[in-house]
Amino acid sequence: MILGCIADDFTGATDLANTLTRRGMHTVQTIGIPQGAAPAADAVVVALKSRTIPAAEAVAQSLAACRWLKAHGARQIFFKYCSTFDSRDQGNIGPVADALLDELGSRFTIACPAFPENGRTIYLGHLFVGGDLLSDSSMRNHPLTPMRDANLVRVLGRQTPHKVGLVPYRTVKQGAPAIAGAFATLEAEGVRHAIVDAVEDRDLENIGAASSALPLITGGSGVAIGLPASYRMARLIPKREGAEPLARVGGPGVVLSGSCSAATLGQVERFAAMHPAIAIDPEALADKPEDTVSALLGWAREKLTSGPALIYASAPPEKVAAVQARFGREKAGEMIEHAIAALATGLAAEGVRRFVIAGGETSGAVVSALKVEALEIGPQIAPGVPACLSYGSPRYALALKSGNFGGPDFFAEALEALT
């Protein structure tokens, strides 16, 4: 193992694994910290479900993952979070990054969630989603991590007691040596975290090259673009092509969606116009959870005989707010996650082996319910979303999609890719 990665949710983990695989690194994603030997791979991505849990728990889980990765040979650690910097003022990005720096005996790291291929760019420390500031995007109304400040220096500054600096675009565009020089200057000034501007993939390649000596890198999957080339130059990995096609699993395919992002809502609408689809009723679920899940499984059993189907809890912000107001934010989320996990287990018992999952929390619930321990990474379906195949038996073909990723027809495209 060369690169050890810690992801704060399951879809973010596959996003990073996809980037590394496409750039020629043999990458395996594990679901939680493995028990026993490390997979034989250039990079191992440990997927945690730590984005929205209490900061102290996120720190403890992340440190445990870091220690396991280091014990199994990782030369560099990568802390992966969302390209929209999903977090709250109390964390978890800042506290986890600080704990990992302490663990690695390092005084400096970067924070760069840019992902230009999916419209996430950083300029003068401000994060843009497409042409909008983060604070003006649909992330403003995210049910768990509403992002209402686009200035990442300010956002991260509220999560750490240490100094947060900026490597501006005028420096980044000069290339890797200038970026590395800026890192050295900021560290000498007592800065512990540096937000790094990036507006295109070339910037990320240069940032990756400049970061090759850092014990810890933090960011979105985009900043990992430049790492495989650096490892090849150091003769740590051979030249490889991208991902190999995955083995076929066959059988019916289903879409389970818990994300309430604008992109997912559009995907739900598009898929439901052409395929069987049913919404999860939170009122019925709260009143009779087992009966509601049983009824949904009965509906799916009938519909899946003639093709794929969709079961979703996705809803626009006003409906989500109404459900949260009645049941409480945490209880509402847990209620939906438990239901979708139960649906996944029931569908698997019926022979379903192809799952498209929308939403990080939802993906974590489903993969855990299916007792998946690790994922083989296949070809990309959409930017940030690869086809995946579980290890073990039975094998599941999976697409774990971050809420904001994919075009309008993503669900159909993913089912076609999962053979």
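In this structure the side chain of Leu133 reaches within 4.5 angstrom of the side chain of His126, judged on heavy atoms. Put simply, the side chain of Thr14 reaches to within 4.5 Å of the side chain of Cys388, judged on heavy atoms. Two residues are said to be in side-chain contact when any heavy atoms from C-beta on lie closer than 4.5 Å; Ile110 and Ile217 meet this criterion. In this structure the side chain of Thr160 reaches within 4.5 angstrom of the side chain of His193, judged on heavy atoms. No side-chain heavy atom of Glu413 sits less than 4.5 Å from a side-chain heavy atom of Leu418. Glu103 places none of its side-chain heavy atoms less than 4.5 Å from the side chain of Ile77. Side-chain contact between Cys66 and Phe79 is absent, with no heavy-atom pair separated by less than 4.5 Å. Between Tyr231 and Asp42 the shortest side-chain heavy-atom distance does not fall below 4.5 Å.
No more than 12 heavy atoms of other residues, nucleotides or ligands sit less than 6.0 Å from atom CD of Glu244. Other residues, nucleotides and ligands place more than 12 heavy atoms under 6.0 Å from the CD atom of Glu200. Within a 6.0 Å radius of CD in Glu373, no more than 12 heavy atoms belonging to other residues, nucleotides or ligands are found. Heavy atoms of other residues, nucleotides or ligands lying less than 6.0 angstrom from CD of Glu350 number more than 12. Within a 6.0 Å sphere centred on CE of Met233, other residues, nucleotides and ligands contribute 12 heavy atoms or fewer. By the neighbour-count criterion of 12 heavy atoms within 6.0 Å, atom CZ of Arg75 is sparsely surrounded, having that number or fewer from other residues, nucleotides or ligands. For Glu318, the CD atom counts as densely surrounded, since its 6.0 Å shell holds more than 12 non-hydrogen atoms of other residues, nucleotides or ligands.
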Would you please test Thr84 and Met147 for side-chain contact (heavy atoms from CB on, under 4.5 Å) and show each step? CA-CA 8 Å; Thr84 44; Met147 301 303 294; 5.5 Å; no
Take Ile381 and Lys401 through the test side-chain contact (heavy atoms from CB on, under 4.5 Å) and record every step on the way to the result. CA-CA 10 Å; Ile381 301 169; Lys401 184 193 88 76; over 6 Å; no
Could you walk me through whether Met335 and Ile340 pass the side-chain contact (heavy atoms from CB on, under 4.5 Å) check? CA-CA 9 Å; Met335 182 173 68; Ile340 293 181; over 6 Å; no
Evaluate the side-chain contact (heavy atoms from CB on, under 4.5 Å) criterion for residues Asp281 and Thr292: first the C-alpha distance (whole Å), next the side-chain angles of each, then the deciding distance (0.1 Å), finally the verdict. CA-CA 8 Å; Asp281 182 351; Thr292 302; 5.6 Å; no
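Taking the six-membered ring for Trp and the full ring otherwise, Tyr312 and Phe411 have centroids separated by 6.0 Å or more.
Between Ser212 and Ser230, the side chains place no donor N or O within less than 3.5 Å of an acceptor N or O (distance only, hydrogens not considered). Side-chain atoms of Asn404 and Ser402 include no donor-acceptor pair closer than 3.5 Å. A donor atom on one side chain and an acceptor atom on the other are found under 3.5 Å apart for Ser257 and Ser314.
In this structure, Phe327 and Ala286 approach most closely via the heavy-atom pair CE2-CB, 3.4 Å. Scanning all heavy atoms of the two residues, the minimum distance from Phe115 to Gly384 falls at CZ-N, 3.9 Å. Shortest non-hydrogen contact noted between Pro252 and Gly351 is CD-O, 3.9 Å. The nearest pair of heavy atoms linking Gly165 to Val153 is O-CG2, 3.9 Å. Heavy atoms only, all atoms of each residue included: Ala243 and Ile377 are closest at CB-O, 3.9 Å. For the residue pair Val46 and Ala65, the shortest heavy atom distance occurs at CG1-CB, 4.1 Å.
Between the side chain of Ser137 and the backbone N or O of Leu134, at least one donor-acceptor pair lies under 3.5 Å. In this structure, Gln159 contributes its side chain and Ile93 its backbone to a donor-acceptor pair below 3.5 Å. Using modelled atom types, one side-chain atom of Asn92 and one backbone atom of Ser50 make a donor-acceptor pair closer than 3.5 Å. At least one donor-acceptor pair closer than 3.5 Å links the side chain of Gln76 to the backbone N or O of Ser211. With hydrogens and angles disregarded, a donor-acceptor distance shorter than 3.5 Å links the side chain of Ser390 to the backbone of Tyr396. Side-chain N or O atoms of Arg23 include none that pairs as donor or acceptor with a backbone N or O of Ala229 at under 3.5 Å. Between the Thr264 side chain and the Cys260 main chain, no donor and acceptor come within less than 3.5 Å of each other. In terms of modelled atom types and a separation under 3.5 Å, the side chain of His26 and the main chain of Ala40 share a donor-acceptor contact. Of the possible donor and acceptor atoms, one in the side chain of Gln267 sits under 3.5 Å from a partner among the backbone N and O of Gly406. Here the side chain of His338 pairs a donor or acceptor atom with the backbone of Glu334 at under 3.5 angstrom.
Results of the side chain to side chain contact (heavy atoms under 4.5 Å, CB included) test with Val167 over Ile207, Val196, Asp197, Ile195 single out Val196 as the only residue that passes. Shown are Asp8, Asp9, Thr218; of these, the side-chain hydrogen bond (donor to acceptor under 3.5 Å, both in side chains) with Tyr81 is made only by Thr218. With Val254 as reference, Leu347 is the one residue of Leu415, Ile357, Leu347 to meet the side chain to side chain contact (heavy atoms under 4.5 Å, CB included) rule.
Under the 6.0 Å distance and 45° angle rule, Arg395 counts as a cation-pi partner of Tyr391.
The CG atom of Leu343 lies 11.0 Å from the OG1 atom of Thr362; values are rounded to the nearest 0.5 Å. Annotation: the span from Tyr123 atom OH to Asp203 atom CG amounts to 11.5 Å, rounded to 0.5 Å. Atom CG of Leu166 and atom CG of Asn151 lie 8.5 Å apart (nearest 0.5 Å). Atom-to-atom distance recorded for Glu117:CD and Thr19:OG1 is 8.0 Å, nearest 0.5 angstrom. The distance from atom CZ of Phe78 to atom CG of Leu100, rounded to the nearest 0.5 Å, is 12.0 Å. Distance CG/Leu400 to CD1/Ile31: 7.0 Å, rounded to 0.5 Å.
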